[in-house]
2 protein chains.
Amino acid sequence: MRISELVERTGVPLATLKYYLREGLLPSGEATSATRAAYGETHVRRVAVIRALTETVGLSVQKTRDVLQLIDHPEEDLVGMLGKAIEALPPNVTPDARADYPRARAVLEKLGQVYEPRFAAVAQLEHALAAAEAAGIPLDDERLAVYGPHIRAIAEFDVRNVPREPAAAVEYAVLGTAVHEPVLVALRRLAHQDLASRRLGPGRDATKSPRGKPPKAPSATKGRSWKKD
Amino acid sequence: MRISELVERTGVPLATLKYYLREGLLPSGEATSATRAAYGETHVRRVAVIRALTETVGLSVQKTRDVLQLIDHPEEDLVGMLGKAIEALPPNVTPDARADYPRARAVLEKLGQVYEPRFAAVAQLEHALAAAEAAGIPLDDERLAVYGPHIRAIAEFDVRNVPREPAAAVEYAVLGTAVHEPVLVALRRLAHQDLASRRLGPGRDATKSPRGKPPKAPSATKGRSWKKD
DNA sequence: TGAGCTTGGATAGTCATGGTATCCAATATT
DNA sequence: AATATTGGATACCATGACTATCCAAGCTCA
């Protein structure tokens, strides 16, 4: 297909596609002549991934390019790739191997995981913990005892499902880490709303302005029983 | 204290503090004279919260102001406040009550939660699910069956710990939702790295450059027993 | 008292991002 | 041949988050 069709298929303006081309996010189509190139389904998919990474995950165009290059040039070392990908993900904190991340270290020790200051995620965790502290809601032991195992279980599922084929594994690891984060975050927010509205009782309005029927009582929800504190 | 001291205490440049003042993120100190004002600990804390929200959570200055105003003017309706807060959080998708969010609806039905298109989080979830799909890693039933309950459990803990006092509850709900997200995300990334390095076997190097002894089994951690699901 | 420093308040400038818009010349297409 | 579409290059623009200056009205301390 020609680039004009790519515009139609993806809904992304021509000028923007050219921009992605320039920035190296999107490989140029196969040149069929001096002034013409053919694009394929891979390009359609690539554009979708670019938008997912930039719009939903919130990566900058530069970081998106880094991540895509990781996928395009997979190395055998999955763990190393994963590390590099995580480094590209927000929040953009650059790890300093010689720095000390006391909060992160304490947390990791409690979780029985290795504290490795070269991991970008350690610096990210430190940052996040400091922010929580600053906001007046530190991650105390009790909360960590809840968050830790559940997050670990989620991560175990993720890792269990890594494809065997190396290239696919890299793509899964890199994209999966990034792309499921917003899903998890949204699910938590929705669970908050669901629980809060049930807790504060049906009968009161569930939303700010719209007058919506408050979600019906906690009744039967998959047989789950939510004890209310 | 004078503003120059606030600069020292927070490490934020004067020009930036003035910017926050202008934008209404930071209340001005109590005027002691025509050209002098006194700042207190509340200001120090406020600046910390501003940085946490902008740097770590990734809010824009505008959205940060919205969130802070929510906290400063708490209403009794906690659920409504929570909804407004979530609306200010990234990704910035504005919910359309008349729109249909098919992916989000399907997920919520499977989870036994109410589908309410006015909730911003529903639109956010739809967005995230579409992005995951575009990236080639859709949230299939199996994954949802794992993510859902664990996230729910986390959210239950969060809701269980809402303070009783209304103003404190609003602050906890609004800040807690936002501020713990980066923590959860960082924990998942670290769990990925931990699991991946264990999986690809000790014996192989755990990171690209650093040589880290693979963590010992999750066994006993501080005598605390967190049952793993 | 007065020289110099610190403020608050206002205004303008800067830098990075993430696009948009144009122009052009070389083809395709009809 | 006439018209439309490309690729490639270049220039332009809007937003956001600061950052820098200016100024005049106080403080402060010798």
Side-chain angles (χ1 to χ4, degrees), chain A residues 1-40 43 46-68 88-92 94, chain B residues 1-40 43 46-68 88-92 94:
Chain A
M1 70 183 79
R2 286 162 308 186
I3 200 169
S4 57
E5 195 178 342
L6 193 58
V7 169
E8 284 169 25
R9 288 282 300 277
T10 62
V12 177
L14 174 64
T16 305
L17 289 183
K18 283 184 167 185
Y19 171 61
Y20 291 155
L21 247 7
R22 273 203 305 284
E23 296 299 318
L25 302 198
L26 187 63
S28 37
E30 199 190 346
T32 59
S33 88
T35 62
R36 208 132 299 200
Y39 295 85
H43 292 88
R46 172 60 76 107
V47 172
V49 172
I50 292 171
R51 299 304 272 213
L53 253 25
T54 54
E55 287 184 3
T56 307
V57 182
L59 295 192
S60 69
V61 169
Q62 306 296 320
K63 295 289 184 186
T64 300
R65 188 188 48 207
D66 296 347
V67 168
L68 290 174
L89 264 30
N92 290 337
T94 42
Chain B
M1 70 183 79
R2 286 161 311 192
I3 200 169
S4 56
E5 195 177 340
L6 193 58
V7 169
E8 284 170 24
R9 288 282 301 278
T10 62
V12 177
L14 174 63
T16 305
L17 288 183
K18 282 185 168 185
Y19 171 62
Y20 292 155
L21 246 8
R22 273 202 306 282
E23 296 299 317
L25 301 197
L26 187 63
S28 38
E30 199 188 346
T32 59
S33 88
T35 62
R36 208 132 299 198
Y39 296 83
H43 291 90
R46 170 62 75 111
V47 172
V49 172
I50 291 171
R51 299 304 275 212
L53 253 24
T54 54
E55 288 185 2
T56 307
V57 182
L59 294 192
S60 69
V61 168
Q62 306 298 319
K63 296 289 184 184
T64 300
R65 188 188 49 209
D66 295 347
V67 169
L68 290 173
L89 264 31
N92 290 338
T94 42

So how far is it from [X] [atom1] to [Y] [atom2], rounded to the nearest 0.5 Å?
X       : Y       : atom1 : atom2 : value
A:Arg46 : A:Leu68 : CZ    : CG    : 4.5 Å
B:Ile3  : B:Arg9  : CD1   : CZ    : 14.0 Å
A:Leu21 : A:Thr16 : CG    : OG1   : 11.5 Å
B:Glu23 : B:Ser60 : CD    : OG    : 10.5 Å

So what does A:Thr54 touch, heavy atoms closer than 4.0 Å: a base, only the sugar-phosphate, or nothing?
nothing
- Name the nucleic acid region contacted by B:Ala31, choosing base, sugar-phosphate or nothing; use a 4.0 angstrom heavy-atom cut-off, strictly under. nothing
Taking [atom1] from [X] and [atom2] from [N], how many angstroms apart are they, rounded to a whole number?
X       : N      : atom1 : atom2 : value
B:Arg2  : D:dT28 : CZ    : P     : 7 Å
B:Lys63 : D:dT15 : NZ    : P     : 15 Å
B:Leu59 : D:dG16 : CG    : P     : 14 Å
B:Leu6  : C:dT7  : CG    : C1'   : 13 Å
A:Glu8  : D:dT5  : CD    : P     : 11 Å

| request: Could you tell me whether the phosphate oxygens of C:dT7, OP1 or OP2, come under 4.0 Å of any side-chain nitrogen or oxygen in B:Tyr39? | output: no
Under 4.0 angstrom between A:Ser4 side-chain N/O and D:dT6 OP1 or OP2
yes
*Report yes if the side chains of A:Pro90 and A:Leu59 come closer than 4.5 Å at any heavy-atom pair, otherwise no.*
yes
Of B:Gln62 and B:Thr32, the one whose closest nucleotide on DNA chain D sits nearer the 5' end is B:Gln62
Might you list the N or O atoms of the protein lying below 3.5 Å from N or O atoms in nucleotides 25-27 of chain C, with each pair's distance?
none

Donor-acceptor pair, B:Thr54 side chain versus B:Ile50 backbone, under 3.5 Å?
yes
Side-chain donor or acceptor of B:His43 paired with backbone N/O of B:Leu26 under 3.5 Å = no
Closest heavy-atom pair, A:Thr32 versus A:Ala38, reported as atoms and distance to 0.1 Å, is CG2-CB, 3.9 Å
Per the under-4.0 Å heavy-atom filter, residues of residues 10-29 of chain A near DNA chain D come out as A:Lys18, A:Arg22
Worksheet item: Any chance the side chains of A:Arg51 and A:Tyr20 put a donor and an acceptor closer than 3.5 Å?
Response: yes
